[in-house]
Amino acid sequence: MRKPDATMARRVTLGNAILFGGFALLSAALLLLHADALQWRDPGVARWLDAALVLAAWLGLLGWLCCRRLPEPSKPLPMADAAVGHDPVAVVADARVDAAQVEVGVRVVYASQTGFAAQLARQTLQSLQAAGVPAQLHGLDTLTLDELRHAGQVLFVASTTGDGEPPDMALAFSRLAMKRPAQLDGLRYGLLALGDGDYEDYCGFGRQLQRWLEASGAQALFDPVEVDSEDEASLRHWQHHLAMLSGVSDLPDWQAPKYQRWQLIERRLLNPGSVGEPCFHLELKPLQGSTNWQAGDLVEIGPCHAPDKVATWLSSRELDGRVPVAFGKERLPLAALLARCRLPEPGEVEGLDEDAVAATLQRLPHRAYSIASLPEDGAIHLLVRQMRGRGGYLGLGSGWLTAHAPLGTEVALRVRSNVNFHAPRDARPLILIGNGTGLAALRALLKARIAAGHRRNWLLFGERHAAHDFLYRDEIERWVADGRIERADFAWSRDQAERIHVPQRLREAADELQRWVDAGAAVYVCGSLDGLAPGVDAALRDVLGDARLEQLRGQGGYRRDVY
Ligand SMILES: Cc1cc2nc3c(=O)[nH]c(=O)nc-3n(C[C@H](O)[C@H](O)[C@H](O)COP(=O)(O)OP(=O)(O)OC[C@H]3O[C@@H](n4cnc5c(N)ncnc54)[C@H](O)[C@@H]3O)c2cc1C
Ligand SMILES: Cc1cc2nc3c(=O)[nH]c(=O)nc-3n(C[C@H](O)[C@H](O)[C@H](O)COP(=O)(O)O)c2cc1C
């Protein structure tokens, strides 16, 4: 294992300090041996010469030792492409961060919509720093093309949103910088592309970025790593590259964020009589410890199958769900384990007993929900719409939370920080735009603003019928009456003959919108990706103009959390 350069430097400094300390002590001891008062006498030319020679030799030795640790100034690192036919591990090892690179540092650049890429970028940074490699973290929205050109080594962590689109924070970079190939000959890069195999354009933005980097002459340090959902094997692959890159093979493993044990303590239907799917207010309390979060953050829930679905699966395979089986460090009845795992297809487990079935199981992927409360509320509140497929069956996560899980059920939950949607730190006016369950995050933001004494809040919310779909009606009307929400506009799409949606309300209030933005307002949008986001974006462009909106986005004043 190669020692990290920073550790070496610390050791050399310590060694020199000990040496000089020793000399100082020796001189002090020799002085004590003097019986008479000290007198100065010229030692003579020959002794002066001897002393000068010893000093010169010592300085020469020090200089040689220092130079030996410096690399050749511009040693090129090999391209991954040129490595075809070589041992991949050896090739990456050649690409280790050398001392020249250490001076510059590695830049870890992320493009994230809901926080996962940002989280993995932070973990990447920590791994590099733990290996003694200086590294800096940047959002793709803060990096210029010129900085990239001179960056040396860059590790990109990029997610995809929409239909194969870049995260909002990468929109400007993708539209301007990536419009055509740039001159990036000196750049060496690695890429971690996050996506979800259920989407048609898998890792769409990561792949666009990769093609652009390639066309711009940048050199890949290794093949891009693509991560489907939170696939652990791909994440380990990325960590392996980090180890090779930093020259430290025993970097601590990344711990997948662990679920905590929470309890479902309340469930209330908020839209009785609605023509839409039922929407529930849920409350959850931690069963152990306490958890902190901020308005704008999300939870990830480990969903479970309905008990009767598991029972049917077990009986059709003649397996006993009560048999205790091993799963990682746990031991639990097979039925309980199956509830939180993908149910294998018949052919996958034919002839296997309970233990062998358990060994094939994979945990269900999480479902994300916006937090609708603040820690001061004493519980996590969620606003969950029951999803139903064409066959009439309930969606996995929403079905479990809103229908299958009895009150008191233990819920596997973890909080995911969503920095992109945190409230502005200052008192600037805030325009909150949403539809449906998008109100969850807006409610938490409003609570945070109200708690901080900021009253310049403008809510624009859309649903179907005011009589049935006015979620959190009492609370919102109270806030409006108290002046804690300065202005509220609602688009009840089906309360009149023609359909009215939120973008229309925005256009109707164009002058006011312009005044709020001129006064420094930030615009936060939360709700449906297809039904709300494009219409609101178009209305904002019409009212404010493309350039103003892009400027606002660039300054962090236009943020979206749409799904
Ligand atoms: C950042 C973020 C924040 C979110 N916040 C919220 C929130 O605050 N509130 C909220 O309610 N939701 C929120 N969501 C959405 C939520 O994460 C889930 O996507 C939603 O609850 C549906 O998940 P599900 O497991 O219930 O449905 P799934 O089981 O994933 O199914 C989704 C849909 O497809 C249908 N379907 C599933 N399998 C099939 C199949 N084989 N054939 C045909 N159709 C099928 C289902 O019936 C359902 O209609 C958020 C999502 C994100 C990304
Ligand atoms: C609204 C939405 C749209 C998405 N679209 C795509 C897509 O088109 N292609 C893809 O591979 N992944 C897609 N994903 C999956 C995300 O890229 C993936 O969950 C990623 O881990 C999110 O990282 P982030 O939190 O940093 O944005 C989408 C996710 C959401 C919530």
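One-based numbering, in listed order, for ligands and for the atoms of each.
- Q153 pairs with exactly one of V106, V133, L187 by the side chain to side chain contact (heavy atoms under 4.5 Å, CB included) rule, that one being V106.
- Distance from atom 10 (C) of ligand 2 to its nearest protein heavy atom, with residue and atom name: D196 N, 3.5 Å.
- Annotation: atom 11 (O) of ligand 2 to nearest protein heavy atom, C203 N, 2.7 Å.
- Of all the atoms in ligand 2, the ones that sit under 4.0 Å from a non-hydrogen atom of A117 are 24 (P), 26 (O).
- For a threshold of 3.5 Å applied to N or O pairs, the pair formed by G164 and ligand 2 contains at least one separation below that value.
- A salt bridge is absent between E214 and R211: the closest approach of a Lys/Arg side-chain nitrogen to an acidic carboxylate oxygen does not fall below 4.0 angstrom.
- Residue contact check for ligand 2: E230 places no non-hydrogen atom closer than 4.0 Å to it.
- At least one heavy atom of V562 sits less than 4.0 Å from an atom of ligand 2.
- The protein atom (non-hydrogen) at minimum distance from atom 23 (O) of ligand 2 is S159 CB, 3.2 Å.
- Shortest non-hydrogen contact noted between P167 and S159 is CD-O, 3.2 Å.
- In summary, the side chains of N457 and W479 do not present any donor paired with an acceptor at a separation below 3.5 Å, with no hydrogens or angles considered.
- Taking only non-hydrogen atoms, the option from Y110, Y199, F116 nearest to atom 21 (O) of ligand 2 is F116.
- Geometrically, ligand 2 and D163 share no nitrogen or oxygen pair separated by less than 3.5 Å.
- Scanning all protein heavy atoms for the shortest distance to atom 9 (N) of ligand 2 gives D201 O, 2.9 Å.
- S370 and L382 get closest at one heavy-atom pair: O-CD2, 3.6 Å.
- One N or O on the side chain of R267 and one on the backbone of A405 form a donor-acceptor pair closer than 3.5 Å.
- Residue-to-ligand polar distances place Q113 within reach of ligand 2: an N/O pair is separated by less than 3.5 Å.
- For ligand 2, the atoms closer than 4.0 angstrom to any heavy atom of R416 are 25 (O).
- Atom 25 (O) of ligand 2 has its closest protein heavy atom at T114 OG1, 2.4 Å.
- Of all heavy-atom pairs between L532 and I433, the closest is CD2-O, 4.4 Å.
- In this structure, the protein non-hydrogen atom closest to atom 19 (O) of ligand 2 is G195 O, 4.7 Å.
- The residues lining ligand 1, counting any heavy atom closer than 4.0 Å, are T114, L298, R367, A368, Y369, S370, L383, V384, R385, M387, R388, G389, Y393, G395, L396, G397, S398, T437, D561, Y563.
- Inter-residue side-chain proximity for L251 and Q239 is flagged as unmet; no heavy-atom pair is nearer than 4.5 Å.
- Under a 4.0 Å criterion applied to the non-hydrogen atoms of Y202, ligand 2 contributes the atoms 11 (O).
- Each of the atoms 1 (C) of ligand 2 lies under 4.0 Å from some heavy atom of Y563.
- For W400 against H305, the heavy-atom pair with the smallest separation is CD1-O, 4.5 Å.
- Among all heavy-atom pairs drawn from S417 and D297, the shortest one is CA-OD1, 3.4 Å.
- At the top of the distance list for atom 17 (O) of ligand 2, counting protein heavy atoms only, stands T160 O, 2.6 Å.
- A salt bridge links R541 with D537: the distance from a Lys NZ or Arg NE/NH1/NH2 to an Asp or Glu carboxylate oxygen falls below 4.0 Å.
- No option in L140, T142, V109 other than L140 meets the side chain to side chain contact (heavy atoms under 4.5 Å, CB included) test with F173.
- No part of M169 comes within 4.0 Å of ligand 2, judged by heavy-atom distances.
- By the 6.0 Å and 45° rule, R505 does not stack over the aromatic ring of F490.
- When all heavy atoms of W212 and P181 are compared, the closest pair comes out as NE1-CA, 3.9 Å.
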Side chains of residues 199-207: which donor-acceptor pairs under 3.5 Å do they make with residues two or more places apart or in other chains?
{"from": "Y202", "atom 1": "OH", "to": "D228", "atom 2": "N", "distance (Å)": "3.2"}
{"from": "R207", "atom 1": "NE", "to": "E226", "atom 2": "OE2", "distance (Å)": "2.7"}
{"from": "R207", "atom 1": "NH2", "to": "E226", "atom 2": "OE1", "distance (Å)": "2.9"}
{"from": "R207", "atom 1": "NH2", "to": "E226", "atom 2": "OE2", "distance (Å)": "3.4"}

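- Of the listed residues (A158, G162, A121, A193), the one carrying the non-hydrogen atom nearest atom 5 (N) of ligand 2 is G162.
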